[in-house]
Student: 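Shown below is the structure under consideration.
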Protein chains: 2
Amino acid sequence: MENKIILSVDKSMRLIEILLEARRSLTLKEIAEKSGCPKSTVYGLLFTMLQHDVIRQDPDGRYGLGIRLYECGAAVSESWDISARIHPSLEKLAQQTGAGAFATYFDGRNVISFDRCIGSGGLQVIPEVGMRMSLHATAQGKLFLSMLPRSKVLSVLREDGMTQFTPHTITDPESLLSELDSIRVQGYAIEHGEFRRGLMGAAAPIREHDGKIKYALGIVGLFRSVASADFQQAVELMVSAARDLS
Amino acid sequence: MENKIILSVDKSMRLIEILLEARRSLTLKEIAEKSGCPKSTVYGLLFTMLQHDVIRQDPDGRYGLGIRLYECGAAVSESWDISARIHPSLEKLAQQTGAGAFATYFDGRNVISFDRCIGSGGLQVIPEVGMRMSLHATAQGKLFLSMLPRSKVLSVLREDGMTQFTPHTITDPESLLSELDSIRVQGYAIEHGEFRRGLMGAAAPIREHDGKIKYALGIVGLFRSVASADFQQAVELMVSAARDLS
DNA sequence: TTTCTTTGTTCGATAATATCGAATTATATT
DNA sequence: AATATAATTCGATATTATCGAACAAAGAAA
């Protein structure tokens, strides 16, 4: 047997993901289209999850993520020792560099920030907790992409597209792939104004005991330039903090 | 047909609930026992959810709630800017009264706490964020129940049951209904040891611009009695804070 | 070490049920 | 009121989830 996966459950999870990505409530029709399943099938799945408050139905009939997911989220973050493990490093990093420091998680497809510390510098642009980050235009995104095989990178890029956020955003897959090569070599990634004009950042991986990489540290700030001593030093501090956590 | 529920999905949701209630990772065997399904069935369901990071497997093989639920939780709470609006009032209230102050959300069926501030008093018993609260035995629960039509109240009580937490817990629907009447009149609810012996609390509604009520402020503490000046004053502060937020 | 015990994972036949399109109802738009 | 769009229900059918049992892996005991 190739497939141990239970299809109806698999589809249900897919529906949750669709609602998560949409970041808003959707109509049954929209969900059915995005999932590629017939309306009636989707209806049955949603109805079942509705009973468990995993899905909620707005007064206007749209479907959204339910309150139970909030409960679960609170429970997960509590039980999450990684966050506790990383948080002190974030504080130290934010304090040492003056930049914002944050931690992200990669599930093979999405980069999600799950903890952050605001630096001492005046203006701060730092991703919110729970935010999904761009793959091709942020240091975090590029770092995680660099760990994937070429074919996977291309398929992910095709799915997500390569939105041009600023004039510096890399929008050509080949250029990105060659940058991923150098990231793989140097062990960390840098972002200079590719997501927001003037915003610079860097990301370094946190290795698990088994060598797998699921988490990364990041810094982000309005540095003078990527060549400035400030930035270089901040990157060094971040890389060593990440190594210590590995 | 009586049943539109998709069984495998229903079971999956049940597994998530079991893991949520357990507040820790469980072995396959434990989950199978609690759910009443054979190990192999549970295994298939968990395996499927594992693929979606809705479930995670610890290095020791135990199963727990996965990172995707954290993402979902963050997405759900994001859609609530209400938290930012309320938080300052909670701090002020906690500081003024010395009791714990918290905010809850009602979705028509469940009362969930979503923010809290610990008061200055020594011993504090205050619901955790993400916690589901009893409907018939807490001030919050009674407050929200008082806004429902009689028939709805009865059906909710039938579904949830009226667990007797302490000797003071109201376990008779008619007694509860008459208390709901007075809550509706006075505009806030009081709890005196119905959930935990000696624990007193109160809840006041936050009205939206359209007059709908989805959120409530609450205080909880170990007051001498509901007639004590401390408590009376705390309730007044809470009621006016809630009115200001409305 | 070997044996015994416990738990996790795989397998396959079978009965059960999820699926899908079409019909129906509800809601919105003209 | 008529039309269009979306939500929900229904039922026959083939698909597939289910379960017990077999197997594997990991631990404990000896």
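Treat the numbers as computed from the prediction; the structure is a model and nothing was measured. Convention: sequence-line order gives letters A, B, ...; per-chain numbering from 1.
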Student: Please report, rounded to the nearest Å, how far the P atom of D:dT15 is from the CD1 atom of B:I6.
Tutor: 18 Å
Student: Assess the pair A:H136 and A:F165: is the distance between their ring centroids shorter than 6.0 Å?
Tutor: yes
Student: Whether B:K11 contacts D:dT18 is assessed here as follows: a side-chain N or O lying under 4.0 Å from the phosphate OP1 or OP2. Is that the case?
Tutor: yes
Student: Using whole Å, what does the distance between atom P of nucleotide C:dT6 and atom NZ of B:K39 come to?
Tutor: 12 Å
Student: List the atom of A:F102, the atom of A:S113, and the distance in Å for their closest heavy-atom pair.
Tutor: CD1-CB, 4.4 Å
Student: Kindly state which residues belonging to residues 17-33 of chain A come within less than 4.0 angstrom of DNA chain C, counting heavy atoms of the residue only, listed by number.
Tutor: none
Student: Does a side chain donor of either B:R56 or B:S25 reach within less than 3.5 Å of an acceptor in the other side chain?
Tutor: yes
Student: Take A:Q57 and A:V9, find for each the nucleotide of DNA chain D with the closest heavy atom, and name the residue whose nucleotide sits nearer the 5' end.
Tutor: A:Q57
Student: In this structure, how many angstroms lie between the C1' atom of D:dG27 and the CZ atom of B:R62, rounded?
Tutor: 13 Å
Student: Between C:dT9, D:dT8, D:dC19, spot the one nearest the side chain of B:Y63, thanks.
Tutor: C:dT9
Student: Using whole Å, what does the distance between atom P of nucleotide C:dT10 and atom CG of B:L46 come to?
Tutor: 13 Å
Student: Toward the 5' end of DNA chain C, which comes first, B:S8 or B:F47, by nearest nucleotide?
Tutor: B:F47
Student: Between B:R23 and B:E17, is there a side-chain N and carboxylate O pair less than 4.0 Å apart?
Tutor: no
Student: Could you tell me whether the side chains of B:Q140 and B:T104 share a donor-acceptor contact shorter than 3.5 Å?
Tutor: yes
Student: Phosphate oxygens OP1/OP2 of C:dA18: is one of them under 4.0 Å from a side-chain N or O of A:Y43?
Tutor: no
Student: Does A:T41 put a side-chain nitrogen or oxygen below 4.0 Å from OP1 or OP2 of C:dC20?
Tutor: yes
Student: Rounding to an integer number of Å, can you tell me how far B:D10 CG sits from C:dT17 C1'?
Tutor: 13 Å
Student: With DNA chain D as reference, determine whether B:P38 or A:G44 sits nearer its 5' end, using the nearest nucleotide of each.
Tutor: A:G44
Student: Just checking A:S40: base, sugar-phosphate only, or nothing, at a heavy-atom cut-off of under 4.0 Å?
Tutor: base
Student: Nearest whole Å is fine: how far is C:dT19 P from B:I5 CD1?
Tutor: 14 Å
Student: Strictly under 6.0 Å, is that where the ring centroids of B:F114 and B:Y215 end up?
Tutor: yes
Student: Please report, rounded to the nearest Å, how far the P atom of D:dA6 is from the NZ atom of A:K34.
Tutor: 15 Å
Student: Please determine, by modelled atom types, if B:T138 and B:E191 share a side-chain donor-acceptor pair under 3.5 angstrom.
Tutor: no
Student: To the nearest Å, give me how far apart CD1 (A:I55) and P (D:dA7) are.
Tutor: 14 Å
